[in-house]
Engineer: 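One structure, as C-alpha cells, below. Some questions next.
In what follows, chains are A, B, ... by sequence order, proteins preceding strands, each numbered from 1.
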Amino acid sequence: MGITIYNTLSREKEDFIPLNPPFVGMYVCGPTVYGDSHLGHARSYTVFDVLYRHLKWSGYKVRYVQNITDVGHLTGDTDDGSDKIAKQAVLERKEPVEIAYKYEVSYFDDMKKLNILNPDISCRATGHIIEMIEHIQALIEKGYAYVTDQNNIYFEVRKFKDYGKLSGRVLEETKSGERINIAGDKRNSEDFALWKAADNSHLMKWNSPWGVGYPGWHIECSVMSKKYIGETLDIHGGGIDNVFPHHECEIAQSEALTGKPFIRYFIHNNMLTVNGTKMGKSLGNFIILKDLFKEIEPMVLRFYILQSHYRSVLDFSKDSMNAAKVGFDRMRNSIFSLYKKTKDRKSEGTFRDVDEIFSQFIQAMDDDFNTPIAISVIYELLKLSNTELNKTDSDINKLTYISEKITIMTDDILGIQFNTIEAGVKNHEDQLISFLIEMRKQYRAEKNFKMSDTIRDSLKEMGITLKDGAAETAYTID
RNA sequence: GGCGACGUCGCCAAGUGGUAAGGCCGAGGUCUGCAAAACCUCUAUCAGCGGUUCAAAUCCGCUCGUCGCCUCCA
C-alpha cells in the first residue's frame with residue numbers, strides 16, 4: 001500500500017515512486033511578495049503543507065523548496081515593462097526591496113498562524129540572477145533561445161517539440177487573441193521572455209551579457225529547483241492557474257537544457273472562489289488573511305480548507321465557514337476531554353477497533369491526500385472516544401491509545417492544532433475549575449441546587465461550560 | 001474562439017462500475033435535579049435525456065446550468 005497521486009501530466013492517479021527513495025524533492029511555487037497573502041494562498045500552502053507532512057510521516061526524507069518571487073514579474077507580456085513590486089513600491093513610496101521584504105515577512109507570519117511548516121529551503125529570485133543568466137545563456141547556445149535587436153531574449157517555443165504536454169494546448173490553437181499585444185521583436189507570438197532589457201525608469205535591474213535588464217516570469221523556478229533539488233524533481237506543485245503558461249514554460253526551458261524529464265509528478269490545487277466567483281485582484285472580492293483572522297481562528301480556516309479535496313473548487317462563504325466552525329469546535333471539545341483524561345500517560349497494547357479506524361485514515365491520505373475522508377474518520381474515532389469517556393468504568397488505557405492516534409492524525413499529519421486545549425490542561429486554571437466542580441458536586445449531593453447552579457452559571461459567564469457525564473463532570477473553555 | 005473542471009440530502013462535502021462517508025441544520029430518544037454535553041435513531045438514488053453493462057452517481061453521447069484557464073494571479 002503506497003501513496004497515489006493525481007499527476008497533471010498524465011491526468012491520472014499514479015503510484016508515487018520517487019526517483020531516489022526514500023528521498024523526495026518537492027518544489028512549490030511560492031508567492032510574489034507585493035501584497036498581503038489572501039485566501040487563495042492559504043488554501044494552496046495548506047494543501048502542500050499537508051502533502052509534505054504526510055510524505056514525511058510515511059517515511060520519506062523530503063526536501064521542500066519554495067521560492068519567494070521578489071523580482072516583479074511583468075504585468076503582461078507586452079513592452080510596457082511595468083512590474084508589480086515596482087508598482088507597489090511607487091504606491092507605498094518605498095524601495096522595491098523594502099516592499100518585497102515587508103510582504104515576505106507578512107507571508108510567513110500568516111503561514112505560521114495557519115500552522116504551515118516552513119519549507120526546508122526558501123529561496124529568493126533576486127539571489128539567483130547569476131544562475132538565471134547562466135541558464136539563459138546555455139539555452140541560447142543550444143539554439144532554443146534568441147537575442148533580439150532590443151536586447152530581449154525569448155524562448156523559441158516551436159523548437160521545443162513537447163510544448164503543450166502539460167496543459168494539453170496545441171500551438172496552432174493557442175494563437176494569441178486580440179487581448180494580448182504581442183511584443184514586437186518576438187519571432188513568434190507564443191515565444192516567452194527569458195530576459196528583458198530595462199530602461200532607466202526601471203527600478204529592479206541587473207547587468208547581464210545583454211546589457212541591463214531583468215529576468216522573465218518563468219525562469220526563476222527552473223533555475224532554483226535545479227540548484228536545490230536537481231534536474232528532475234519528484235514533485236512540483238502550485239495552483240491550477242499556473243498550469244499554463246507558467247509550468248508549461250518551465251518544462252520547456254528546463255527540459256530543453258537538460259534533456260531530462262523535469263517533473264515526475266505535477267500536482268495542482270484547484271481554485272478557491274468567494275460566493276461562487278473567482279477571487280481576483282481586479283474583481284474586488286479579495287479576502288486578505290490578516291483581515292479574515294480578525295473574525296475567525298486561523299485553525300478553523302485550515303480545518304475548513306481540508307474539509308474539501310484539494311482538486312475540487314472550494315467556494316468560500318460565511319455560512320459554510322460558520323458550519324465548519326461548529327464542527328471544529330465539537331472536535332476540539334471532544335479532544336479536549338480526551339486529552340485531559342489521558343495526559344501524561346502512555347498506552348500499552350493495541351486496540352483492534354481503533355487500529356481499524358486509524359488505518360482508514362492513512363488509506364484516505366494515501367489515496368491522493370483525501371483529507372475530507374480523513375476528517376470524517378476522525379469523527380468516527382471521536383465517537384468511539386466519547387462513548388468510552390461516558391462510561392463509568394471507562395478503559396483509560398484504550399482512551400490513551402486513542403489520544404495517541406488522534407495526535408498523529410490531527411497534529412502530525414493534518415497539522416490541525418488545538419493549542420487552547422494544551423494551555424487549558426496545564427495551568428492553574430484547571431486546578432481551580434476542578435476545585436469548583438468538586439464543590440458543586442458536594443452541593444448537588446446535598447440537593448442544594450441553588451448553590452450548584454450558581455457555580456455552573458458563574459463559570460458559564462466566564463466562558464467555562466460544565467458538562468455532567470455519568471462518571472464525572474468535564475468542562476470546556478471557549 | 002481554443003483548452004479544462006464541475007453539477008450528489010435545506011447547506012458544506014466524499015464516493016469514479018457492485019448498489020450513496022462525514023460535518024452543519026432539523027426531528028425523536030437515552031442519560032440527567034434541571035441545563036449543557038455526549039451517545040443512539042431518522043432524513044437523498046446522485047441536473048435532464050439516451051446508450052454500454054448482469055450491475056452506473058461512477059463509462060459513452062447529447063441537452064441544460066455553473067465555474068476556471070487561455071493576461072500577473074495559489
Side-chain angles (χ1 to χ4, degrees), chain A residues 11 13 28-32 34-35 37-48 69 72-78 82-84 164 167-170 172-177 179-181 217 237-246 248 268-273 276-282 286 303-304 307-309 311-315 317 319-328 330-331 333-334 337 360 364 367 370-380 382-387 389-391 444 447-449 452-453 456-457 460 465-470 473-476:
Chain A
R11 309 214 175 243
K13 274 188 206 172
V28 174
C29 287
T32 302
Y34 68 109
S37 302
H38 57 253
L39 262 185
H41 293 115
R43 155 110 119 152
S44 191
Y45 299 121
T46 296
V47 162
F48 287 106
T69 300
H73 286 323
L74 295 171
T75 47
D77 192 14
T78 59
S82 54
D83 91 47
K84 295 182 290 190
S167 58
R169 276 163 220 267
V170 183
E172 282 63 37
E173 292 170 352
T174 318
K175 286 285 187 215
S176 52
R179 296 156 68 198
I180 314 167
N181 298 315
W217 345 330
I240 201 169
D241 52 336
N242 280 143
V243 171
F244 190 89
H246 189 53
E248 195 69 64
H268 293 98
N269 64 280
N270 214 132
M271 305 306 280
L272 180 144
T273 56
T277 51
K278 171 199 166 84
M279 189 175 75
K281 282 173 185 156
S282 50
F286 220 64
F303 178 80
Y304 178 70
Q307 258 192 319
S308 79
H309 187 84
R311 282 192 287 114
S312 304
V313 174
L314 204 208
D315 185 50
S317 68
D319 285 351
S320 56
M321 190 72 225
N322 284 336
K325 185 188 164 23
V326 177
F328 177 83
R330 220 191 101 213
M331 178 178 281
N333 289 337
S334 293
S337 306
Q360 282 173 21
D367 182 14
N370 199 325
T371 55
I373 290 203
I375 287 175
S376 77
V377 169
I378 294 176
Y379 278 106
E380 293 296 328
L382 248 20
K383 200 176 273 187
L384 208 70
S385 162
N386 284 330
T387 303
L389 230 31
N390 270 346
K391 290 182 186 164
R444 291 177 71 204
K447 298 215 184 296
N448 187 346
F449 297 123
S452 68
D453 286 352
R456 185 176 65 197
D457 296 345
K460 179 76 189 168
T465 308
L466 297 190
K467 297 186 283 197
D468 293 332
T473 300
Y475 68 88
T476 54

Engineer: Should U16(B) form a Watson-Crick or G-U wobble pair with both distances under 3.5 Å, which nucleotide is its partner?
Structural biologist: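 Because no pair has both required distances under 3.5 Å, U16(B) counts as unpaired.
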
Engineer: Nearest of C39(B), G33(B), G23(B) to any side-chain atom of Asn386(A)?
Structural biologist: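 Nearest to the side-chain atoms of Asn386(A), counting from C-beta on, is C39(B).
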
Engineer: With a 3.5 Å limit on both atom pairs, tell me what C59(B) is paired to, counting Watson-Crick and G-U wobble, or say none.
Structural biologist: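 When the pairing criteria are applied, G51(B) turns out to be the nucleotide that pairs with C59(B).
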
Engineer: By nearest atom, which of the nucleotides C69(B), A21(B), G23(B) is closest to the Ile373(A) side chain?
Structural biologist: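 From the listed options, A21(B) comes nearest.
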
Engineer: Say we look at U45(B) and C39(B): how far apart would their C1' atoms be, to the nearest angstrom?
Structural biologist: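 U45(B) and C39(B) have their C1' atoms separated by 29 Å.
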
Engineer: Over all strands shown, is His309(A) touching base, sugar-phosphate only, or nothing at heavy-atom distances under 4.0 angstrom?
Structural biologist: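 Answer is sugar-phosphate: His309(A) comes under 4.0 Å of backbone atoms only.
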
Engineer: If you look at every strand shown and take non-hydrogen atoms under 4.0 Å, does Gly40(A) touch a base, only sugar-phosphate, or nothing?
Structural biologist: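 Base, at least one base atom sits under 4.0 Å.
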
Engineer: Heavy atoms under 4.0 Å, any strand shown: does Gly276(A) hit a base, just sugar-phosphate, or nothing?
Structural biologist: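 It contacts sugar-phosphate atoms only.
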
Engineer: Over all strands shown, is Leu389(A) touching base, sugar-phosphate only, or nothing at heavy-atom distances under 4.0 angstrom?
Structural biologist: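 Result for Leu389(A) = nothing.
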
Engineer: Under 4.0 Å between any heavy atoms, over every strand shown, what does Gly238(A) touch: base, sugar-phosphate, or nothing? Just pick one.
Structural biologist: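 The residue Gly238(A) makes sugar-phosphate contact but no base contact.
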
Engineer: Go through the N and O atoms of the side chain of His38(A) and the base of A74(B), and report whether any donor-acceptor pair is under 3.5 Å.
Structural biologist: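 Counting by modelled atom types and ignoring angles, a donor-acceptor contact under 3.5 Å is found here.
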
Engineer: Can you give me the closest heavy-atom contact between Leu314(A) and Ser308(A), atom names plus distance?
Structural biologist: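 That closest heavy-atom pairing would be CG-OG, 3.4 Å.
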
Engineer: Could you tell me the separation between the CG atom of Leu466(A) and the P atom of C34(B), rounded to a whole number of Å?
Structural biologist: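 One finds 17 Å between P of C34(B) and CG of Leu466(A), rounded.
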
Engineer: Categorize Ser337(A) for me: base, sugar-phosphate, or nothing, with a 4.0 angstrom heavy-atom threshold over every strand shown.
Structural biologist: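 No contact.
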
Engineer: Please report, rounded to the nearest Å, how far the P atom of C24(B) is from the NZ atom of Lys325(A).
Structural biologist: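 Atom-to-atom, Lys325(A) to C24(B), this comes out as 13 Å.
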
Engineer: Can you find a side chain N or O atom of Arg330(A) that sits less than 4.0 Å from OP1 or OP2 on C24(B)?
Structural biologist: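 Looking at the OP1 and OP2 atoms of C24(B), one of them is under 4.0 Å from a side-chain N or O of Arg330(A).
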
Engineer: Atom CG of Asn390(A) and atom P of A37(B): how far apart are they, to the nearest Å?
Structural biologist: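 Spelled out: CG on Asn390(A) to P on A37(B) is 13 Å.
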
Engineer: With respect to the side chain of Ser376(A), which nucleotide from A74(B), C24(B), G22(B) is positioned closest?
Structural biologist: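 The closest nucleotide is G22(B).
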
Engineer: What heavy-atom pair brings Ser44(A) and Asn269(A) nearest, and what distance separates the two atoms?
Structural biologist: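 For Ser44(A) versus Asn269(A), the nearest heavy atoms are OG-OD1, 2.9 Å.
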
Engineer: Could you check how far CG of Leu39(A) sits from C1' of C73(B), rounded to whole Å?
Structural biologist: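 Spelled out: CG on Leu39(A) to C1' on C73(B) is 14 Å.
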
Engineer: Which part of the nucleic acid does Ser334(A) contact within heavy-atom distance under 4.0 Å: base, sugar-phosphate only, or nothing?
Structural biologist: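 Nothing, no nucleic acid heavy atom in range.
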
Engineer: Out of C70(B), C40(B), C24(B), which nucleotide sits closest to the side chain of Lys383(A)?
Structural biologist: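 Shortest atom-to-atom distance from the side chain points to C40(B).
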
Engineer: So is the aromatic ring of Tyr379(A) stacked onto the base of G22(B), judging by whether the centres are under 5.5 Å apart and the planes are under 30° apart?
Structural biologist: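 Here Tyr379(A) fails the 5.5 Å or the 30° condition.
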
Engineer: How about Arg169(A) and Glu248(A): do any of their side-chain heavy atoms sit closer than 4.5 Å?
Structural biologist: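 Contact flag for Arg169(A)/Glu248(A) side chains = no.
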
Engineer: So what does Asn242(A) hit on the nucleic acid, given a heavy-atom distance under 4.0 Å: a base, only sugar-phosphate, or nothing?
Structural biologist: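 Here Asn242(A) touches the backbone only, sparing every base.
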
Engineer: Would you mind pulling out the nucleotide paired to U41(B), Watson-Crick or G-U wobble, both distances under 3.5 Å?
Structural biologist: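 A27(B) - that is the nucleotide pairing with U41(B), both distances being under 3.5 Å.
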
Engineer: Find the partner of A21(B): check Watson-Crick (N1-N3 plus N6-O4 or O6-N4) and G-U wobble (N1-O2, O6-N3) distances, both under 3.5 Å, and reply none if neither fits.
Structural biologist: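 The base-pairing partner of A21(B), which may sit in any strand shown, does not exist here.
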
Engineer: Return whichever of Ser308(A) or Arg456(A) has its heavy-atom-nearest nucleotide of RNA chain B closer to the 5' end.
Structural biologist: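 Comparing both residues, the 5'-ward one is Ser308(A).
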
Engineer: Using atom C1' of each nucleotide, how far apart are C59(B) and G28(B) to the nearest Å?
Structural biologist: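 That atom pair is separated by 42 Å.
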
Engineer: For A5(B), give its Watson-Crick or G-U wobble partner with both distances under 3.5 Å, or none.
Structural biologist: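 Paired with A5(B), as far as the under-3.5 Å criterion goes, is U66(B).
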
Engineer: Looking only at the side chain of Phe449(A) (C-beta and beyond, no hydrogens), which of the listed nucleotides A14(B), A74(B), G33(B) gets closest?
Structural biologist: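 Nearest nucleotide to the side chain: G33(B).
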
Engineer: Below 3.5 Å, does any donor atom in the side chain of Lys278(A) face an acceptor in the base of C69(B), or the other way round?
Structural biologist: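 In this structure, the two groups form no donor-acceptor pair.
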
Engineer: Classify the side chain of Arg311(A) and the base of A5(B) as holding, or not holding, a donor-acceptor pair under 3.5 Å.
Structural biologist: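 Not at all, since no donor on one side and acceptor on the other fall under 3.5 Å apart.
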
Engineer: For the pair His41(A) and His38(A), name the ring-plane relationship: parallel under 30°, tilted 30 to 60°, perpendicular over 60°.
Structural biologist: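 Plane angle between 30° and 60°, so tilted.
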
Engineer: For the pair made of NZ in Lys467(A) and C1' in A38(B), what is the distance, rounded to whole Å?
Structural biologist: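 To the nearest whole Å, that distance equals 8 Å.
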
Engineer: Step by step, would you call Asp457(A) with Lys460(A) a salt bridge (charged side-chain N to carboxylate O under 4.0 Å, His left out)?
Structural biologist: CA-CA 5 Å; Asp457(A) 296 345; Lys460(A) 179 76 189 168; over 6 Å; no

Engineer: Can you check the distance between G2(B) and U63(B), where both ends of the measurement are the P atom (answer in whole Å)?
Structural biologist: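 The answer is 14 Å between these two P atoms.
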
Engineer: Indicate the atoms forming the closest heavy-atom contact of Ser312(A) with Asn270(A), along with that distance.
Structural biologist: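 Scanning both residues, the minimum pair turns out to be O-CB, 3.2 Å.
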
Engineer: Assess whether one donor atom and one acceptor atom, taken from the side chain of Asp468(A) and the base of A35(B), lie less than 3.5 Å apart.
Structural biologist: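 When only heavy-atom distances are counted, Asp468(A) does reach the base of A35(B) through a donor-acceptor pair under 3.5 Å.
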
Engineer: Under a 3.5 Å cut-off for both distances, is C34(B) Watson-Crick or wobble paired, and to whom?
Structural biologist: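 Looking at the geometry, C34(B) pairs with no nucleotide.
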
Engineer: Could you tell me which non-hydrogen atom of Asn370(A) sits nearest to which non-hydrogen atom of Pro372(A), and how far apart they are?
Structural biologist: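 The answer is OD1-CD, 3.1 Å.
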
Engineer: Would you mind telling me which of G23(B), C67(B), A74(B) lies closest to the side-chain atoms of Ala323(A)?
Structural biologist: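 Shortest atom-to-atom distance from the side chain points to G23(B).
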
Engineer: How would you label the contact of Tyr304(A) with the nucleic acid (heavy atoms, under 4.0 Å): base, sugar-phosphate, or nothing?
Structural biologist: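 Contact class for Tyr304(A): none.
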
Engineer: What is the distance from NE2 of His268(A) to C1' of A5(B), rounded to the nearest Å?
Structural biologist: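 Rounded to the whole Å, the gap is 14 Å.
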
Engineer: Starting at CD1 of Ile375(A) and ending at C1' of C24(B), how long is that distance when rounded to a whole Å?
Structural biologist: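 Distance check: Ile375(A) CD1 to C24(B) C1' gives 14 Å.
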
Engineer: Hey, does the side chain of Ser312(A) come within less than 4.0 Å of A14(B)'s phosphate (OP1/OP2), counting only N and O?
Structural biologist: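 For A14(B), OP1 or OP2 has a side-chain N or O of Ser312(A) closer than 4.0 Å.
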
Engineer: Taking the side chain as everything from C-beta on, heavy atoms only, tell me whether Arg330(A) gets closer than 4.5 Å to Leu382(A).
Structural biologist: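 Counting from C-beta outward, Arg330(A) and Leu382(A) never come under 4.5 Å.
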
Engineer: Identify whether any heavy atom of Asn370(A) sits under 4.0 Å from a base atom; if not, whether one sits that close to sugar-phosphate; answer base, sugar-phosphate or nothing.
Structural biologist: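 If one applies the 4.0 Å heavy-atom cut-off, Asn370(A) turns out to touch the sugar-phosphate alone, with no base involved.
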
Engineer: Closest approach to the side chain of Glu380(A), judged atom by atom: which nucleotide of U32(B), C70(B), G22(B) is it?
Structural biologist: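 Selected nucleotide: G22(B).
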
Engineer: Ignoring the backbone of Asp241(A), work out which of A13(B), C69(B), A36(B) is nearest its side chain.
Structural biologist: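 Of all the options, the side chain of Asp241(A) is nearest to C69(B).
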
Engineer: What heavy-atom pair brings Met271(A) and Arg43(A) nearest, and what distance separates the two atoms?
Structural biologist: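 Here Met271(A) and Arg43(A) meet closest at O-NH2, 3.0 Å.
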
Engineer: Does Ser320(A) reach a base, just sugar-phosphate, or nothing at all? Heavy atoms under 4.0 Å.
Structural biologist: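 Contact class for Ser320(A): sugar-phosphate only.
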
Engineer: Closest approach to the side chain of Pro372(A), judged atom by atom: which nucleotide of C34(B), C24(B), A13(B) is it?
Structural biologist: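 The answer is A13(B).
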
Engineer: Which whole-number value in Å describes the distance from Asp453(A) CG to A35(B) P?
Structural biologist: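 Spelled out: CG on Asp453(A) to P on A35(B) is 11 Å.
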
Engineer: Could you check Met271(A) against Lys447(A) and say which one's nearest nucleotide on RNA chain B is further toward the 5' end?
Structural biologist: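 On the 5' side of the pair lies Lys447(A).
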
Engineer: From the options C24(B), A74(B), C70(B), select the nucleotide whose nearest atom is closest to the side chain of Val326(A).
Structural biologist: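 Between C24(B), A74(B), C70(B), the one nearest the side chain of Val326(A) would be C24(B).
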
Engineer: Identify the heavy atoms of Gly238(A) and Phe48(A) that sit nearest to each other, and give their distance.
Structural biologist: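 Gly238(A) and Phe48(A) have their closest heavy atoms at N-CZ, 3.3 Å.
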
Engineer: Just call it for Ile378(A): base, sugar-phosphate, or nothing, with non-hydrogen atoms closer than 4.0 Å on any strand.
Structural biologist: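 Here Ile378(A) touches no strand at all.
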
